[in-house]
Asker: 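A single structure is presented below for examination.
To find a chain, count down the sequence lines: A is the first, B the second, and so on, and within it residues start at 1.
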Amino acid sequence: MEKDFKRYTVTSALPYANGPLHIGHVAGAYLSADIFVRHLRLKRKDVIYICGSDEHGAAITIKAKKEGITPRQIIDKYHQEIKTAFENFGISFDFYHRTSEPIHHDLSKEFFLSLYNKGEFIEKDSDQYYDAEFNQFLADRYITGTCPVCSNENAYGDQCEKCGTSLSPIDLINPISTLSGKTPVLKSTKHWFLPLDKYQPWLENWLEGKKGDWKTNVYGQCTSWLKAGLQPRAMTRDLDWGVDVPLPEAEGKKLYVWLDAPIGYISATKQWGLDNGKDWEKYWKRQPDENDNSCLIHFIGKDNIVFHCIIFPAILHAHGEYILPENVPANEFLNLEGDKLSTSRNHAVWLHEYMEDFPGKQDELRYVLTSILPETSDSEFTWKDYQARVNNELVAILGNFVNRVMILMHKYFEGKVTGASNELTDKNLHAAINDGYDEIERAIESFKFRQASAAVIDIARMGNRYLTENEPWKIFSTEPEKTREVLHNCLHIIAHLGVLTQTFLPASSKKILGMLNIQKENWFYDEPVIFIEGHQLNKAELLFEKVEDSIIERQVEKLKEKTSSNQMKQSAIPAKQNIDYEQFSAMDIRAGTILEAEKVAKTKKLLKLLIDTGIDQRTVVSGIAEYYEPENIIGQQVSILVNLAPREIKGIVSQGMILMAENSEGKLTFVSPVDQFAEGSVIR
RNA sequence: GGCGAGGUAGCUCAGAUGGUUAGAGCGCAGGAUUCAUAACCCUGAGGUCACGAGUUCAACUCUCGUUCUCGCUACCA
């Protein structure tokens, strides 16, 4: 950020209100943003930090349906849970809103109408399934049917979860509405598309200007999309949950969740403005004088890059009145104990569970996560690392330094600051602290939060060194005044640590300032550190506690239990509908043997197999290349469905299907006779 | 397969525009010390900077190729 902005509008990705928060979310989009805004506030900048729950979209209605409750109940539950978790963790939003509020619906509609009236949308009619009984169009996920590829009877309209094929509802054989259980009818429906291709030249030009300024991972991802060529994208959906499309001819239609979600940043700001008597438009709209524009920064995870760097800017541009993001410092992903974080596998450290297990220790987690933020590439959280960082850095460096000084002050001077104490008398310390502030400021403003956090600890490290070099405990009996001076210098260092930790470790900062007996809501960077004559310090208390091995072991154990118990649960997916014997016997499954196997060119998963079925030798294309090497499966006996209609895959006609067993992680293994049986043996 | 990001000490990671002996923290070894939560402080060992070519007086840093990891996308029984 070269330019000095008058105002800052900072957002973090809206969490989706269908589940709780885990440390991956925090490390992705919230912690760095929180440090960033806390820093700007201490510089007395005009900054607002906005976020809220994203409460629309099909996934929420599906979840509600599954649990037999309303979408409203789902979002109320998770909105509250998420909001509380953020508060406990010390994420300092100026406003945390939710997209189900009327003000958001109104603004989203206004936004849509504005684009509509400018003629920015392309209207397109297409045939979609319609449930006559429920009198509504069916979103892809509301249709199930037989997958044309793998014959799975429970494939969804957008995807077959068994074989992973991306589908369109039209592809399904025997489509069934999940609402009425009846066969839906095809009916023409109109949708409004945003012609992203039309904005491509403008986007290219705009993004070109961000080269070198934006992180390479973000910029690279954007150019990757532009290179592929942008397509018009539907901004409306046939859904019953979301923001109504504000057109008379669009009854029963809702705005696409990715249109309304980012507008949520704006509507939240609007509500904040109303509540606080502020002019929200100054934070979002282009001002008559360009230098008066607010600096818009989106903090997100890398999965959101395309929406925040391409689609939303295109929308803002099309609207015309709004500012565009100055930067989108997306983080990569955080892994956990050698594996990806996974909500479905329950492989996660949930924020609310951490707060229960480690009450009052939010700063410890904040510190560890800040130290390992996935700023340039994926990074990894392990409990052992958590323990090491807390014990070796927070306890041993920062906490220990403060404690040493406080104890010495009380031991020698009854905790009272007297004599020359207004200023730091050691020039080297003074210079080093100033350098520290500069480094921290530079690092934060170029989104290098790990470096900034380390710089704070370095100041404490310097304090420890200063203490050992001057050894006040040795010289007290002979040079009490020198002792006093050394300790007072240390107090200045502690005060500066109290100032600096406000951004990173807000709760600990309060403790530090409390020990120094300084009452201040905020300690701005430009306020001097001065102790007046006779200033009485409070009692020393420990800032951080050592983390014992047993605590870490328990957490690691807990993680293993959760993951494995979840796998057990997942292995028991519910049974499908009953079929009669005739349907079963219609399938002709035989024992066969793989004669030849080779990778299908230009694919990752496909193997082309030649199978001896006893009846004949035939070619089958199978998506098992990720689990089997071609040369290792020659001679492998398999079960093969021989009377499946042939299908052309990648230009090869696949005649039949190999039966595979699949676990919850999608791993595949052959299903074959236990004993070697002759080719062509019937399986039933 | 296409595209993007990344592969730097045992571990986690830094290393603008190419330039003398490649850095930090942790871990490890040794020393010093006792004010402190056996913490602090000092010293040291440890890397052919994924691999192979090329450009250059000079490459971790630029170009090309190979390979591995992650992501997006395609294909997917």
Asker: Side chain of A396(A): nearest nucleotide among C35(B), U37(B), C40(B)?
Answerer: C40(B)
Asker: Whole angstroms only, please: what is the CD1-C1' distance between I397(A) and A24(B)?
Answerer: 13 Å
Asker: What's the closest nucleotide to the K546(A) side chain, out of C41(B), C70(B), A39(B)?
Answerer: A39(B)
Asker: Which nucleotide, U37(B), A39(B), C35(B), lies nearest any side-chain atom of N400(A)?
Answerer: A39(B)
Asker: So which one's nearest nucleotide on RNA chain B is more toward 5', S377(A) or D385(A)?
Answerer: S377(A)
Asker: At less than 4.0 Å, is any side-chain N or O atom of K384(A) found next to OP1 or OP2 of C11(B)? Yes or no.
Answerer: no
Asker: Are OP1 or OP2 of C40(B) and a side-chain N or O of R461(A) less than 4.0 angstrom apart?
Answerer: no
Asker: Under a cut-off of 3.5 Å for both distances of each Watson-Crick or G-U pair, what dot-bracket string does RNA chain B give, using [ ] for crossing pairs and | for inter-strand pairs?
Answerer: (((((((..((((.....[...)))).((((.........)))).....(((((..]....))))))))))))....
Asker: Taking only side-chain nitrogens and oxygens of T483(A), does any of them come within less than 4.0 Å of OP1 or OP2 of C35(B)?
Answerer: no
Asker: Give the nucleotide from the list C26(B), A36(B), C3(B) with an atom nearest to the side chain of N392(A).
Answerer: C26(B)
Asker: Below 4.0 angstrom from OP1 or OP2 of A39(B), is there any side-chain N or O of R404(A)?
Answerer: no
Asker: Scan E393(A) against the nucleic acid and name what it touches under 4.0 Å (heavy atoms): base, sugar-phosphate only, or nothing.
Answerer: sugar-phosphate
Asker: Consider side-chain contact (heavy atoms from CB on, under 4.5 Å). Of I457(A), D363(A), I35(A), L31(A), which one does F504(A) pass it with?
Answerer: I35(A)
Asker: If you only use heavy atoms from C-beta on, which nucleotide in A36(B), C42(B), C72(B) is closest to the side chain of R465(A)?
Answerer: C42(B)
Asker: Round to the nearest Å and state the distance from I589(A) atom CD1 to A77(B) atom C1'.
Answerer: 15 Å
